[in-house]
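Per chain, numbering begins at 1; letters A, B, ... match sequence-line order. Because the structure is predicted, anything quoted here is derived from the model rather than measured.
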Amino acid sequence: MSALVEAKGLTKHFRIGRGQIVHAVDDMSLDIHEREIVGLVGESGSGKSTFGKALLGLHDKTAGKVRFDGETLPGRYRPADFQRYASRMQMIFQDPYSSLNPRMTVGEIIGEGLRLHSDLSGAEIRERVHDWLRRVGLEPDHASRYPHEFSGGQRQRVGIARALIMQPQFVVCDEPISALDVSVQAQIVRLLGELKSSMGLTMLFIAHDLSMVRYVSDRMAVMYLGSLIEVGVSDDVFFRPKHPYTELLIGSNPQPDPRIERGRETVAIEGEIPSPVNVGAGCRFAGRCPKVMSVCRTDTPPLFKVRDETGERRVACHLYADGGDTAPSGVQGNGGSNGGGV
Amino acid sequence: MSERTVRDGGAPLPGNPRGDASPDRRDGGDSDIAPQRHDEPALLAVDDLHVEFDTYGGVVKAVRGVSFSVRPGKTLAIVGESGCGKSVTVQSIMGLIPMPPGRITSGTAMLDGIDVIHQKVVEGEDIRGSRIGMIFQDPMSSMNPTMTVGDQIAETLEVHRGYTRSQAYARAVELLGMTHIPEPAERAKQYPFVFSGGMLQRAIIAMAIACEPDILIADEPTTALDVTIQAQILDLLDELQATTGMAIILITHNLGVVARLADDVAVMYAGQIVEKGSSEELFHQCAHPYTLGLRAAMPGNDPHREQGLQAIEGTPPDMFDPPRGCSYFARCPHAMRLCEDRLPERFEVSPHHYASCWLQHPASPVEVPGLYRGEGEAA
Ligand SMILES: Nc1ncnc2c1ncn2[C@@H]1O[C@H](COP(=O)(O)OP(=O)(O)O)[C@@H](O)[C@H]1O
Ligand SMILES: Nc1ncnc2c1ncn2[C@@H]1O[C@H](COP(=O)(O)OP(=O)(O)O)[C@@H](O)[C@H]1O
Ligand code: SF4
Ligand code: SF4
Ligand SMILES: [Mg+2]
Ligand SMILES: [Mg+2]
């Protein structure tokens, strides 16, 4: 499996005046293989959306590189670049209410990308829009209606059609189900799964519902305060988390079974995610970590390679500096904060 | 907090089918081993509540005959899709339905012999805020942005409890400490906007429990929060219930949250309660296809994913013109012909576990295999 998308040391800082810098994404290296779904989790403010947008050129990159299908993407997109990549990389947004222009019909919304970025005729576009309405479970005659006439789940279907009509290879789904009811979430997840298989899509699936991410993704990546702190096969990360933060994050996720929940020890993480403004050296989780050591306060842990049951795992924590407890002795952590692709 | 102790035991409804220990207490208190007493009356009993709203599109029949009861010191979770009437139900109890356009066309909510829907003030005391406290999904909406957090909580105590200014303020700081807000004396002097979402929800909880209510109503208290902060708030609610003995009505659409906190569960669909019982029964022996559907629509913790995610296709019915038969008919994979025309009658699935559905109803003319009664894996 080759990497379709490779982020190397991707960094995005925002300047917010008075010399303050928001370290929204710092030095993220992550590979996404062809036809793979990588789930990206982390508390709000950890940098998930910024990472997703920076991959697609929707943010200028402060540092680092993104390679797509072997080609290095520009650090800052010009209009022609959007034109060029729109048909290859797309985004599906969280909020099916605010992400659709209320003054455009659903047909215009879905067809807009083709109008801007293709030379198809109006009739051809209309035909594709109708086809896509059907593919996402809506009716062709919905094309003439406005977004407010639809439920949240239906609007998310419109958002999916708008992105996928471009026939992209890679899609960033930014919390596509977070605003929806449980029963509708399952409908949308199934729809995305079917389209993924039939179109051979590669996806970055951002969500905060850990059980859903585990269900949807092949691999799971965990962010904390702008950094990638753990990545591995979804089930491995979910059932056997290694980074102390991942362990606490997954432990906080209540399971829909009282037999599990009532016997559970309190696992809540103390405190809250700190502000990503002007962060310094050391592990970013040190202030809340129950296993903190003195080295954690001075040295930023790189992503150490850890031997795992079914696949490769990387963990940014000094506890795994020697390859971790499951690694055979002699396996050294891959030092350097740009520890290569994942 | 108060001198009150945890009140164990239970009321007749809903749920707790077994006479043994309530399965869902985790506080390690005496209630874990004390036998349930079904003769103790319910703390709050809501009976046949109907609520409508006049809108430009017609009359929305938001709540259609809801009945449930809350046991002292226990947590009742109300679950269901958005728009099914959860908030309207508890807003009716709290006297928060805007009238017009709203209308409570029938129903009572008895708290210690008083119908709180029709009698809001008892012996000069407003029941809301004193005997029943409430917290909302959006913490900012229940705070006054122009007053410090300490002053707001103190004001509640001055109004409801007749505390002096300084007594009230001292108590406010104590309450902030009880909800584990660090440096409560400092935080009390701050305005709500400097609080994070999680801290603000703690402050709101402090305000809601200031008058030591018998019942705390929590409407989606963690929906806007991250899982880590959600876990902290759930732990806090659990702890406060153990120390104060208050009952909790918890509205949520997250079945994980239900499993974590609820003793009893009521499942709402299209303005009605379709199933209710103990948490254990509803998760492992549910009898209503909608309850089962909600369970199957969530990915569980099963290491084998093959079971797949079962979506509930379609959408809830139009509440302007609710179906005359079962409101789940259009989406139900087990629908029978009679379901379309005849409103399903409630039946007792097992002691204190009720469902409104024809599938297993003893009076149903159709022979049905015991699809939902299998041990354990209901989903
Ligand atoms: N345009 C912006 N200007 C300044 N700060 C921003 C901007 N966009 C995001 N941030 C900040 O960057 C951090 C990461 O945000 P985001 O990527 O949205 O996180 P997530 O999607 O994980 O919730 C947050 O602290 C956020 O406030
Ligand atoms: N003030 C109002 N005016 C008109 N309709 C309302 C009002 N409040 C609630 N409703 C309607 O009542 C129904 C139930 O709403 P609600 O109880 O808020 O649902 P939920 O289960 O999501 O809490 C919905 O159809 C909603 O549109
Ligand atoms: S590096 Fe240190 S502080 Fe950071 S997660 Fe590991 S043990 Fe905790
Ligand atoms: S009454 Fe009929 S339609 Fe309604 S839930 Fe039961 S089986 Fe399904
Ligand atoms: Mg985001
Ligand atoms: Mg509500």
Side-chain angles (χ1 to χ4, degrees), chain A residues 41-46 137 150-154 178-191 193 208-216 234-235 238-239 245 248-275 288, chain B residues 23-26 79-83 182 196-199 225-236 238-239 253-263 265 278-280 282-284 290 293-301 303 305 308-316 331 376 379:
Chain A
V41 299
E43 283 168 273
S44 50
S46 57
F150 292 90
S151 68
Q154 288 173 318
S178 305
L180 306 175
D181 261 308
V182 175
S183 67
V184 184
Q185 286 185 354
Q187 293 174 9
I188 297 297
V189 163
R190 287 181 60 145
L191 174 65
H208 57 248
D209 179 341
L210 295 155
S211 309
M212 195 59 102
V213 170
R214 174 206 152 230
Y215 179 82
V216 167
S234 284
D235 280 6
F238 190 84
F239 290 111
Y245 174 71
L248 290 164
L249 184 69
I250 286 170
S252 309
N253 180 38
Q255 293 306 306
D257 183 347
R259 291 179 188 170
I260 297 169
E261 286 302 316
R262 70 173 174 250
R264 174 210 276 281
E265 295 290 310
T266 295
V267 287
I269 314 183
E270 298 283 314
E272 300 184 358
I273 190 167
S275 138
R288 298 164 82 189
Chain B
D24 302 317
R25 298 297 305 189
R26 291 157 307 274
V79 294
E81 271 165 278
S82 53
S196 67
M199 282 300 152
L225 305 174
D226 272 307
V227 279
T228 52
I229 309 300
Q230 167 171 283
Q232 294 173 358
I233 298 292
L234 297 179
D235 283 350
L236 175 64
D238 209 14
E239 178 193 324
H253 60 257
N254 183 328
L255 295 184
V257 171
V258 175
R260 168 84 179 78
L261 279 193
D263 298 292
V265 181
S278 71
S279 174
E280 172 74 18
L282 263 73
F283 276 96
H284 291 285
Y290 179 61
L294 283 180
R295 277 284 285 115
M298 265 185 98
N301 230 4
R305 277 185 263 199
L309 213 52
Q310 311 285 309
I312 303 177
E313 298 301 337
T315 47
R331 304 172 81 185

Tell me, out of B/A297, B/G197, B/G256, who's got the most heavy-atom pairs with chain A below 4.5 Å. B/G256
Check: B/I312 main-chain N/O paired with A/Q187 side-chain donor or acceptor under 3.5 Å: yes
Turns out that what part of A/I188 lies under 4.5 Å from chain B's heavy atoms comes down to neither
Can you tell which part of B/Q230 gets under 4.5 Å to a heavy atom of chain A, answering side chain, backbone, both or neither? side chain
Could you check which of B/P182, B/G314, B/G293 has the highest count of heavy-atom pairs closer than 4.5 Å to chain A? B/G314
Between B/R260 and B/D235, does any side-chain N to carboxylate O distance fall below 4.0 Å? yes
By ring-ring contact (aromatic ring centres under 6.0 Å, His included) - contacts of A/F238 (at least two apart): none
Taking only residues two or more places apart in sequence or in another chain, which ones pass salt bridge (charged side-chain N to carboxylate O under 4.0 Å, His left out) with A/R190? none
Contacting region of B/V258 [heavy-atom separation from chain A under 4.5 Å]: neither
Would the distance check show the side chain of B/R331 and the main-chain N or O of B/E313 forming a donor-acceptor pair, the cut-off being under 3.5 Å? yes
Scored by heavy-atom pairs under 4.5 Å with chain A, the best of B/D226, B/L255, B/L234, B/L294 is B/D226
